[in-house]
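Read the structure below first, then the notes.
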Amino acid sequence: MSENPDREAAAETVAPASDAAAVGSRFLRYLPFITIAHFVIGLPALIASLALAYFAFVQADATQKMQTGGAMPFVTFGTSNATKDGKPDISLSLTNNGVGPAILGPIEMRYDGKALANPTELFAVCCGDQRGTSLSYSTSPSTGVAIRPGETQNLINLPRTPGNEAIWQAFNKERWKLKVRSCYCSIFNDCWIIEGMQGLPKPVKQCPADWSLYSEDARNRIAGAP
């Protein structure tokens, strides 16, 4: 029988503890390599996931651009002094030359720097004294309406008559001095501003709210101006 049983038991306890410490030490030594191995194994999956996410983003962006481009209006301002069949008729108009409907926003019209509120004021400022003159003209809404691709919205039509010859001739000359700018938007709420007969509209976040607005003056539509 052993004379030191406690010492032998202690020795047996220390031995397993030492083995566990050695295993733990080896594990800690190899832990960085194990971590790197896991990262290397998972890297292709991570790259594939990122590539799929990027592809989905690009595809969604391309789809949105195609939808927007497929419904993009292109409004231009124009003026003429004759109808399609050759009748003398001065018009100021907005035409949608794009591929999508245009929602007309505010419009501003100036003559010699003066903002004009309506056609009656336009004729009074540009074309002289109208008293005693039979002045009949037609107007159409210039804001808050949608015009289809290829459609023209005539803001003013002044047909030539024996009674308005002087004013018609004056307007035929002075209409080129008008400074017209208009804002319009697409069905996706993308908006643009045109100024005069410029080539390219200017994109804006939203239509301005500080313009001196020109309106149709419906009270005088196809009516004699005072």
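Just so you know, these numbers come straight off a predicted model, no measurement behind them. What's counted below: heavy atoms across the whole structure, side chains too, no hydrogens, waters or symmetry copies. For the single chain, residues carry numbers from 1 onward in sequence order.
Of the possible donor and acceptor atoms, none in the side chain of Asn96 sits under 3.5 Å from a partner among the backbone N and O of Gly150. The closest donor-acceptor contact from the side chain of Glu108 to the backbone of Ser212 lies under 3.5 Å. No donor-acceptor pair closer than 3.5 Å links the side chain of Ser186 to the backbone N or O of Met72.
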Side chain to side chain donor-acceptor pair (under 3.5 Å) for Ser80 and Ser91? Distances and angles first, verdict last. CA-CA 5 Å; Ser80 68; Ser91 66; 3.0 Å; yes
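Taking CZ from Arg110 and CG from Leu116, the interatomic distance works out to 8.5 Å, rounded to the nearest 0.5 Å. Remark: Ile156 CD1 to Asp89 CG distance equals 11.0 Å, nearest 0.5 Å.
Residue Tyr137 forms a side chain to side chain donor-acceptor pair (under 3.5 Å) with just one option from Asn164, Asn157, Thr120, and that option is Thr120. Under the side chain to side chain donor-acceptor pair (under 3.5 Å) rule, Thr76 has a single partner from Asn97, Thr95, Thr152, which is Asn97. With Tyr111 as the partner, the side chain to side chain donor-acceptor pair (under 3.5 Å) test is satisfied by one option alone out of Glu174, Arg175, Lys177, Lys179: Glu174.
For Lys84, the side chain to side chain donor-acceptor pair (under 3.5 Å) test picks out no residue, with sequence neighbours left out.
At a threshold of 4.5 Å between side-chain heavy atoms, the hydrophobic network of Ile, Leu, Val, Met, Phe, Trp and Tyr places Leu178 and Trp168 in one connected group.
Of the two cysteines examined, Cys191 and Cys207, the SG atoms fail the criterion of being under 2.5 Å apart.
The existence of a salt bridge linking Lys114 and Glu121 is confirmed by a sub-4.0 Å separation between a basic side-chain nitrogen and an acidic carboxylate oxygen.
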